[in-house]
Q: 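This is the structure I want to talk about, given as structure tokens.
All ligand and atom numbering here is 1-based and tracks the order in the structure.
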Amino acid sequence: MKLSKLLFGMAACALTAAPLTTLAQQPIVIKFSHVVAHDTPKGLAAEYFAKRAGELTKGKAKVEVYANSTLYKDKEEMEALQLGAVQMLAPSLAKFGPLGVKEFELFDLPYVFDNYNELHRVTQGPVGASLLKKLEPKGVTGLAFWDNGFKSFSANTPIKSPADLKGKKMRIQSSKVLEEQIRALSALPQVMAFSEVYQALQTGVVDGTENPISNLYTQKMFEVQKHLTLTEHGYLGYAVVVNKKFWEGLPADVRGQLEAAMKEATTYANKIAKEQNDKDLEAVKKSGKTQVYVPSAAEKLAFKKALAPVHVKMESRIGKDLLQSVYKETGFDPNKL
Ligand code: LMR
């Protein structure tokens, strides 16, 4: 990360952390940085939170949302949060490994959730709460889980079976589970910041990728991918996180109002996520630029079978007990396909 950018952010943070008595008229500024477009589940929920935070705190807190990697890219944003240069983020659950919280990668396991209901049993239940607690020793407080949706594979050649991805360079997020998933298809995983994916696809640096449709559409990846198969093989969602020191230093009444705003924003995020993805799928189809293929039940089963070994291989990384508690909620069993 550029030093000047970081110092600027830290100076802003120091200002916002000043005692309220000396800054009675100044709102507490919360910079909320993220990497996706405004009109995505995360982008819209961030704006919603900003609005409600302003209203519920009666202007005492001001949330500034920076979308589309305009402030920080993937890896930078996590560092910036820990350093206090930015106060709030909502990184994908696949991006917490580099922070040292590899348990979050359970959400990357192929086909572990069949639908949003199964997912919510984990994110909105005791397992989700225990996961957020794991962030505390890293100087990060987890506030909520926000949905995006289920990922599908895209490339420039048709994808009907796992063999169709063999040898392809596939862009992934920074998750060991995703790396293993791509290897299970005999393809080549390429970790890359989200902001660089469109160009990498356009220039052929990578051949394909995996995304919920909202990301494929709003980043215009569909313009540079001729084929999309609705494999829906994995989930992509977010943990909304804040700098712990900043959060705990807030006046208790403001923190309580922000928590209330976050609760509302979470309900909103998880309501619109599917709608946005469905809407964007229609737009992708209408564009005529990407051929959208719906796999048959047998074709989907072939993907499930090819990817099941990822669960076994990643068991020790995620933790056997944690994995079992997730399977208990979702009913998934990698040995019974
Ligand atoms: C990605 O890098 O593909 C996603 O994590 C982007 C996002 O935040 O949805």
Side-chain angles (χ1 to χ4, degrees), residues 32-47 49 65-78 80-81 86 88-99 101 104-110 116 119 123 142 144-155 169-179 181-182 189-202 205-222 224-225 228 231-241 265 269-270 272-274 276-277 280-281 284:
F32 187 158
S33 173
H34 70 80
V35 299
V36 294
H38 156 77
D39 51 342
T40 54
K42 176 162 65 179
L44 293 169
E47 296 288 351
F49 171 69
V65 180
Y66 297 87
N68 250 328
S69 311
T70 45
L71 201 54
Y72 298 110
K73 294 200 232 171
D74 284 336
K75 199 168 160 285
E76 298 174 350
E77 68 172 18
M78 213 59 117
L81 184 80
V86 65
M88 189 173 280
L89 308 172
S92 154
L93 300 167
K95 292 177 184 167
F96 285 83
L99 191 69
V101 191
F104 276 54
E105 292 180 6
L106 76 86
F107 292 99
D108 301 329
L109 286 166
Y116 286 98
L119 166 81
T123 53
F145 289 100
W146 284 0
D147 287 347
N148 187 341
F150 293 88
K151 295 174 295 180
S152 287
F153 285 122
S154 64
K169 283 179 272 159
M170 301 296 286
R171 181 271 167 173
I172 53 162
Q173 306 169 82
S174 57
S175 153
K176 296 284 176 225
V177 170
L178 295 180
E179 251 179 72
Q181 170 195 265
I182 298 300
Q190 304 265 314
V191 174
M192 186 179 289
F194 186 63
S195 53
E196 286 157 21
V197 184
Y198 174 86
Q199 209 184 359
L201 290 168
Q202 190 186 36
V205 168
V206 290
D207 303 310
T209 186
E210 54 167 13
N211 270 297
I213 310 304
S214 71
N215 281 348
L216 181 91
Y217 180 64
T218 54
Q219 296 295 320
K220 302 198 188 316
M221 293 180 205
F222 69 99
V224 288
Q225 293 279 267
L228 167 70
T231 43
E232 300 184 321
H233 58 274
Y235 171 73
L236 193 155
Y238 310 106
V240 187
V241 292
N270 297 352
I272 62 161
K274 185 172 183 314
Q276 283 295 122
N277 277 291
D280 290 346
L281 177 60
V284 169

Q: Dump all N/O pairs between ligand 1 and the protein below 3.5 Å as a table: atom names plus distance, one pair per row.
A:
| from | atom 1 | to | atom 2 | distance (Å) |
| --- | --- | --- | --- | --- |
| ligand 1 | 2 (O) | K95 | NZ | 2.7 |
| ligand 1 | 2 (O) | R171 | NH1 | 3.4 |
| ligand 1 | 2 (O) | R171 | NH2 | 2.9 |
| ligand 1 | 3 (O) | R171 | NH1 | 2.7 |
| ligand 1 | 5 (O) | K95 | NZ | 2.8 |
| ligand 1 | 5 (O) | Q173 | OE1 | 2.6 |
| ligand 1 | 8 (O) | K42 | NZ | 2.7 |
| ligand 1 | 9 (O) | N215 | ND2 | 2.9 |
| ligand 1 | 9 (O) | Y238 | OH | 2.5 |

Q: Do the side-chain N and O atoms of N148 and S214 include a donor-acceptor pair separated by under 3.5 angstrom?
A: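 S214 and N148 do have a side-chain donor-acceptor pair below 3.5 Å.
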Q: Is a side-chain donor or acceptor of E105 paired with a backbone partner of K176 at a separation under 3.5 angstrom?
A: yes
Q: Verify the ring-centre separation between Y72 and Y66: is it less than 6.0 angstrom?
A: no
Q: What residues, two or more places apart in sequence or in another chain, satisfy side chain to side chain donor-acceptor pair (under 3.5 Å) together with K169?
A: none
Q: If the plane angle is over 60° it's perpendicular, under 30° parallel, otherwise tilted; pick one for Y116 and Y235.
A: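 Rings of Y116 and Y235: perpendicular, over 60°.
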Q: Hey, which of Q173, H233, R171 is the one that makes side-chain hydrogen bond (donor to acceptor under 3.5 Å, both in side chains) with E210?
A: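 Testing each of Q173, H233, R171 against E210, the sole residue satisfying side-chain hydrogen bond (donor to acceptor under 3.5 Å, both in side chains) is H233.
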